[in-house]
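Contents: one structure, followed by commentary.
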Amino acid sequence: MNELQALEAQGLTELAACGDAAALRAWNTQYFGDSGKMKAAMGQIGKLPKDQKAAFGAEANRVKAALTAAYETALAAKNEEELQRGLTTNPYDVTLPGRPRARGRLHPATQILRQIYAIFADLGFQIYRTREVETDELNFELLNMPAHHPARDMWDTFFTTTPGVVLRTHTSPGQIHVMREAAGKPIRVILPGMCYRNEAISTRSEIQFYQVEGLVIGEGVTMADLKGTITAFARRMFGPERQVRIRSSYFPFTEPSIEVDIDWPKDDPNRDRLTKGTGWLEILGAGMVHPNVLRAGGYDPEKVTGFAFGMGPQRMLMLKHAIDDIRLFWQNDLRFLKQF
Ligand code: DAH
């Protein structure tokens, strides 16, 4: 019995001497582990005379409960103490505002492309994607420009090291891809994408730029359909107060051909400089698809007709917001981009 009381007293003294939670846990193993002191003390019971066993057992259980309770109280106190110490030696201010995440936005060119898609979707057009690297055959020849045709000079071309392979100078070669895939069925698509020209860079031209091509083919398609489509598009894009001008023009792949201009904002001081004194900026070329081009796509010009157009989305952005330099689009200057 005295042994049990001595064990209790020793246990409590040692417990009080534990400096931290780790020491407390070591104490716990020493007293209550598989080969701990408590177990050893309980083992004594077998050697006792029968009449002492019950009292010894009861006392052992009391000591065990007292030590366990003391241990749990001490451990909880130590944990709390350590938490408080951590909070004061390494304080953090939960009232500090967080760091805001920088929010991105769509590039203005992407924004205008999506507006164009939405308008043409309402007019019943599908979007058809075609390649940026083309053959000379599709970029020129099948668009009614045989080798050495002077009209090729309209496009200063980037050639690749593979003979006959070029970076497309316009989205028009996509017309041939669509026609060949549609294989004689009626067509109403737009073909958006990047084009490349080996040009002197200026405020109005860049070596890379977006175009959105359009192609409609079917029985009885006329110039009136082309003009109606383009005018409806321009009204939606620029609003009813802006003027649309249609001029006759020349492209090898259309006959007859037109060009379409929009009037530059009248109140913009740069108007004369940017429109070379005319007040107009061209947004697209268009026309009735040339019979040779229809044939190249596998369509019979005796049975169907079609119209096509190729527009410059970045020119449209310039017109909408009176932007005076097309080079701003690819300079990635946030001061410019954040305005959209
Ligand atoms: N491909 C022409 C260019 O890049 C634009 C164009 C004109 C496209 C007339 C057409 C068209 O589809 O019919 O200058």
Side-chain angles (χ1 to χ4, degrees), residues 116 120 123 125 127-132 134-145 149-158 166-179 182 187-199 202 204-218 221-231 233-234 245-262 281-297 299 301 304-316 326:
I116 294 171
F120 279 108
L123 293 171
F125 282 71
I127 297 181
Y128 188 91
R129 303 218 170 255
T130 72
R131 56 193 75 166
E132 292 178 20
E134 274 293 358
T135 58
D136 183 278
E137 189 188 22
L138 271 101
N139 197 78
F140 295 116
E141 224 165 300
L142 298 177
L143 295 174
N144 205 27
M145 283 176 279
H149 190 292
R152 287 188 176 207
D153 291 347
M154 289 164 76
W155 297 274
D156 293 307
T157 311
F158 282 113
V166 301
L167 295 188
R168 68 174 173 194
T169 58
H170 49 180
T171 41
S172 302
Q175 292 186 26
I176 305 289
H177 289 293
V178 184
M179 284 191 267
I187 294 173
R188 202 191 303 159
V189 292
I190 54 170
L191 308 96
M194 194 65 85
C195 303
Y196 305 87
R197 284 189 204 169
N198 191 3
E199 281 189 6
S202 74
R204 301 208 302 184
S205 46
E206 259 274 30
I207 58 167
Q208 74 174 80
F209 54 93
Y210 280 113
Q211 272 193 350
V212 177
E213 190 85 9
L215 181 67
V216 174
I217 296 180
V221 175
T222 69
M223 190 80 174
D225 297 314
L226 169 58
K227 287 163 83 174
T229 303
I230 294 301
T231 319
F233 169 80
R245 180 171 79 166
I246 298 179
R247 290 177 286 120
S248 70
S249 181
Y250 168 77
F251 297 100
F253 29 88
T254 42
E255 180 58 39
S257 306
I258 59 170
E259 277 177 278
V260 176
D261 308 327
I262 303 288
L281 191 71
E282 183 206 329
I283 57 160
L284 64 90
M288 300 306 293
V289 181
H290 196 286
N292 287 347
V293 177
L294 285 172
R295 261 183 230 110
Y299 283 73
V304 294
T305 49
F307 67 77
F309 55 82
M311 49 177 63
Q314 290 159 257
R315 290 271 184 104
M316 293 184 202
I326 205 166

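Numbering of ligands and ligand atoms starts at 1, following listing order. We're numbering straight along the sequence, starting at 1.
Taking the side chain to side chain donor-acceptor pair (under 3.5 Å) definition, one finds that R152 meets it with D136, sequence neighbours left out. For R168, the side chain to side chain donor-acceptor pair (under 3.5 Å) criterion is met by T130, not counting sequence neighbours.
Contacts between M288 and ligand 1 below 4.0 angstrom, taking non-hydrogen atoms only, are absent altogether. Contact annotation: for A308 versus ligand 1, heavy atoms closer than 4.0 Å belong to both the backbone and the side chain. Contact annotation for F307 and ligand 1: no heavy atom of the residue comes within less than 4.0 Å of the ligand.
Heavy-atom contacts of F251 reach the following atoms of ligand 1: 7 (C), 9 (C) (cutoff under 4.0 Å). When each atom of ligand 1 is checked for a heavy atom of G287 under 4.0 Å away, the hits are 13 (O).
Not one N or O of G214 is nearer than 3.5 Å to an N or O of ligand 1, by distance alone. At under 3.5 Å, a nitrogen or oxygen of Q175, whether backbone or side chain, sits near a nitrogen or oxygen of ligand 1.
The protein heavy atom nearest to atom 13 (O) of ligand 1 is T254 CG2, 3.0 Å. In this structure, atom 12 (O) of ligand 1 lies nearest to the protein heavy atom E213 OE2, 2.6 Å. When hydrogens are left out, the protein atom nearest atom 8 (C) of ligand 1 is G310 N, 3.3 Å; that is the closest non-hydrogen contact.
Proximity of T229 to V216: side-chain heavy atoms (C-beta onward) are nowhere separated by under 4.5 Å. Between L142 and E137 there is a side-chain heavy-atom pair separated by less than 4.5 Å. In this structure, V289 and V221 have side chains that are not in contact, with every pair of non-hydrogen atoms separated by 4.5 Å or more. Contact check for I176 versus V293: side-chain heavy atoms found under the 4.5 Å cut-off. A 4.5 Å side-chain heavy-atom check between F209 and R315 finds every atom pair outside the cut-off. A 4.5 Å side-chain heavy-atom check between H149 and F140 finds every atom pair outside the cut-off.
Using a 4.0 angstrom heavy-atom cutoff, Q211 counts as in contact with ligand 1. Ligand 1 has no atom lying under 4.0 Å from any heavy atom of R168. Not a single heavy atom of S257 sits closer than 4.0 Å to an atom of ligand 1.
Taking the six-membered ring for Trp and thresholds of 30 and 60 degrees, F125 and F120 have ring planes more than 60 degrees apart, a perpendicular arrangement.
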